[in-house]
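Notes follow the structure.
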Amino acid sequence: MTLSQFRLDGKIALITGGNRGIGLATAQLFAEAGARCMLSARSETEQSRAMTEAGAHAFHAADITDPAAPDALVAATLATFGKLDILVNNAGVADGGDFHDFDDARLARIMDTNLIAPFRVARAAMRPMLEQGAGSIVNIGSISGHVANKPQLQVAYNASKAAVHQMTTVMAFEYASRGIRVNALAPGYIRTRMAIDGMEDPEISKVWADNTPMGRFGTPEEMAHCALFLASEAASFVTGTTLVADGGYITH
Ligand code: NDP
């Protein structure tokens, strides 16, 4: 065993939500580790454009909730790079409010983005991975799949992330003997656009920080390190796990 097991030289990765936040940091680290990536989101950002212009990565614009998008995304990856070794199923949205007032449109948006789309993307990615007899899938879940959120109420989001964790477990079971590992990463509170409003609200921010034993929020780069481990050969005997990276949030 050597440190080279943590590298991704020659690997091709597909990263949904790769234009900012955790997905972007993962794309940056994967490039450093030697991989080339297909990044996807509804629109390109300055940072993701810089990476595609530098030549390491490519970008495919798509609304992942479009039922046709996942197959098209995997097809674009294969057309551009010729294969697919790693999927980071990262795109997601959060929304909250009282359960008894949470309407169908918001419920559908959460479930379509956080559960149905990752299911379809993983299903589309699985086919070329099965053909090559190897692959690694990292589904981005959340501590919200383990606990109730506070002070914000987010039952649909919590349910979607718990489902991602269970989807991970069962996919891992189904494909372990065929060379494909499937794991999840469950971040705690991470400084990205998704969480920034809460972090900038003194009351919400205090509750989140007080409940995080390390007393601080995580960074997208810290999540990228975890995703790299799970995606790489360093995790060659790891499948079906959900790696919680939360500064200790769910310890109590
Ligand atoms: P961001 O809001 O920064 O990133 C979300 C990403 O998802 C963006 O790239 C966005 O791109 C993409 N996305 C959202 N909806 C769609 C869609 N319909 N089609 C295509 N792409 C879409 O947040 P994070 O980086 O924090 O989130 C990444 C993942 O991490 C999510 O799954 C989130 O649930 C999870 N997570 C985040 C935590 C946090 O505290 N930040 C905690 C736990 C989990 P665009 O809008 O341009 O399409």
Side-chain angles (χ1 to χ4, degrees), residues 14-29 37-49 51 57 59-70 72-73 76 87-96 106 108-122 138-147 149 152 154 156-165 167-168 184-200 204-205 207-209 211-212 216-224 226-227 242-247 249-250:
L14 166 58
I15 304 178
T16 66
N19 63 352
R20 62 172 192 260
I22 293 169
L24 178 74
T26 301
Q28 288 166 333
L29 188 65
C37 304
M38 176 62 81
L39 311 179
S40 186
R42 285 166 294 192
S43 58
E44 221 174 343
T45 60
E46 209 178 297
Q47 294 97 322
S48 60
R49 192 172 300 113
M51 283 195 293
H57 298 339
F59 188 87
H60 181 88
D63 182 334
I64 209 76
T65 63
D66 172 353
L73 183 49
L87 165 64
V88 182
N89 231 338
N90 164 76
V93 287
D95 194 3
R106 293 161 77 206
R109 177 172 166 266
I110 291 286
M111 290 300 172
D112 285 352
T113 314
N114 294 0
L115 177 61
I116 307 294
F119 185 107
R120 289 184 181 131
V121 177
V138 181
N139 295 318
I140 306 300
S142 172
I143 54 167
S144 304
H146 291 284
V147 295
N149 291 342
Q152 79 282 19
Q154 293 187 309
Y157 181 77
N158 290 73
S160 73
K161 292 299 186 177
V164 166
H165 297 171
M167 180 174 88
T168 300
L185 171 61
Y189 286 101
I190 311 301
R191 199 171 285 281
T192 67
R193 189 188 295 181
M194 180 178 282
I196 200 67
D197 287 348
M199 288 175 184
E200 287 179 352
I204 296 175
S205 177
V207 176
W208 289 356
N211 281 283
T212 305
R216 68 169 177 88
F217 304 128
T219 66
E221 291 73 23
E222 287 175 309
M223 298 306 104
C226 297
T242 294
L243 173 58
V244 178
D246 67 345
Y249 191 98
I250 69 162

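Treat the numbers as computed from the prediction; the structure is a model and nothing was measured. Both ligands and their constituent atoms are indexed starting at 1 by order of listing.
Within ligand 1, counting atoms from 1 as listed, the ones closer than 4.0 Å to a heavy atom of Ala62 are 19 (N), 20 (C). Per-residue contacts place Asn19 under 4.0 angstrom from the following atoms of ligand 1 (heavy atoms of the residue considered): 8 (C), 9 (O), 11 (O), 45 (P), 47 (O). With ligand atoms numbered from 1 in the order given, ligand 1 contributes 17 (C), 18 (N), 19 (N) to contacts under 4.0 Å with heavy atoms of Asp63. Near Ile140, the atoms of ligand 1 lying under 4.0 angstrom from a non-hydrogen atom of the residue are 29 (C), 30 (O), 35 (C). Within the listing of ligand 1, atoms 40 (O) sit less than 4.0 angstrom from a heavy atom of Tyr189. Ligand 1 places these atoms under 4.0 Å from at least one heavy atom of Gly21: 3 (O), 25 (O). For ligand 1, the atoms closer than 4.0 angstrom to any heavy atom of Ala91 are 7 (O), 12 (C), 13 (N), 21 (N), 22 (C), 32 (O). For ligand 1, the atoms closer than 4.0 angstrom to any heavy atom of Thr113 are 15 (N).
Not one N or O of Val93 is nearer than 3.5 Å to an N or O of ligand 1, by distance alone.
In plain terms, the two heavy atoms of Glu44 and Ser48 that are nearest each other are CG-OG, 3.2 Å. Contact detail for Ala69 and Ile64: the closest heavy-atom pair is CB-CA, 4.3 Å. Heavy-atom minimum distance, Pro118 versus Asp112: CD-O, 4.5 Å. For Ser144 against Lys161, the heavy-atom pair with the smallest separation is C-CB, 4.4 Å.
How far CD1 of Ile190 is from CE of Met199: 6.5 Å, rounded to the nearest 0.5 Å. Note that CG of Asn90 is 5.0 Å distant from CD1 of Ile140, once rounded to the nearest 0.5 Å. Rounding to the nearest 0.5 angstrom, the gap separating the CG atom in Asn139 from the OG1 atom in Thr242 is 8.5 Å. Annotation: the span from Leu73 atom CG to Leu87 atom CG amounts to 8.5 Å, rounded to 0.5 Å. Here the straight-line distance linking atom CD of Gln47 with atom CZ of Arg20 works out to 10.0 Å at 0.5 Å rounding. Note: Thr26 OG1 to Leu185 CG = 8.0 Å, rounded to the nearest 0.5 Å.
Tyr157 OH, 2.7 Å is the protein heavy atom nearest to atom 34 (O) of ligand 1. In this structure, atom 6 (C) of ligand 1 lies nearest to the protein heavy atom Gly17 CA, 3.9 Å. At the top of the distance list for atom 26 (O) of ligand 1, counting protein heavy atoms only, stands Thr192 OG1, 2.6 Å. Summary of contacts: the protein heavy atom closest to atom 1 (P) of ligand 1 is Arg20 NE, 3.5 Å. The shortest contact between atom 25 (O) of ligand 1 and any protein heavy atom is with Ile22 N, 2.9 Å. Nearest protein heavy-atom contact of atom 19 (N) of ligand 1 is Ile64 N, 2.8 Å.
Counting only heavy atoms from C-beta outward, the side chains of Leu29 and Glu221 never approach each other to under 4.5 Å. The closest side-chain heavy-atom distance from Ile116 to Thr65 is not below 4.5 Å. Using a 4.5 Å heavy-atom cutoff, the side chains of Ile143 and Val244 are in contact. Side-chain contact between Ser205 and Tyr189 is absent, with no heavy atoms from C-beta onward closer than 4.5 Å.
Across Gly218, Gly23, Ser142, heavy-atom proximity to atom 43 (C) of ligand 1 is greatest for Ser142. Across the listed options Ala195, Gly141, Gly188, Gly188 owns the non-hydrogen atom lying nearest to atom 38 (C) of ligand 1. Nearest-heavy-atom check against atom 5 (C) of ligand 1 across Ala69, Gly18, Gly92 picks out Gly92. Considering each of Arg109, Met194, Arg42, Arg193, the one bringing a non-hydrogen atom nearest atom 33 (C) of ligand 1 is Met194.
Here Asn90 has heavy atoms under 4.0 Å from ligand 1 in both its backbone and its side chain. Residue Ile190 touches ligand 1 through backbone and side chain together, judged by heavy-atom distances below 4.0 Å.
Heavy atoms of Ser43 come nearer than 4.0 angstrom to ligand 1 in at least one pair. Distances shorter than 4.0 angstrom occur between a heavy atom of Lys161 and an atom of ligand 1. Taking a 4.0 Å cut-off on heavy atoms, Phe217 fails to register as neighbouring ligand 1.
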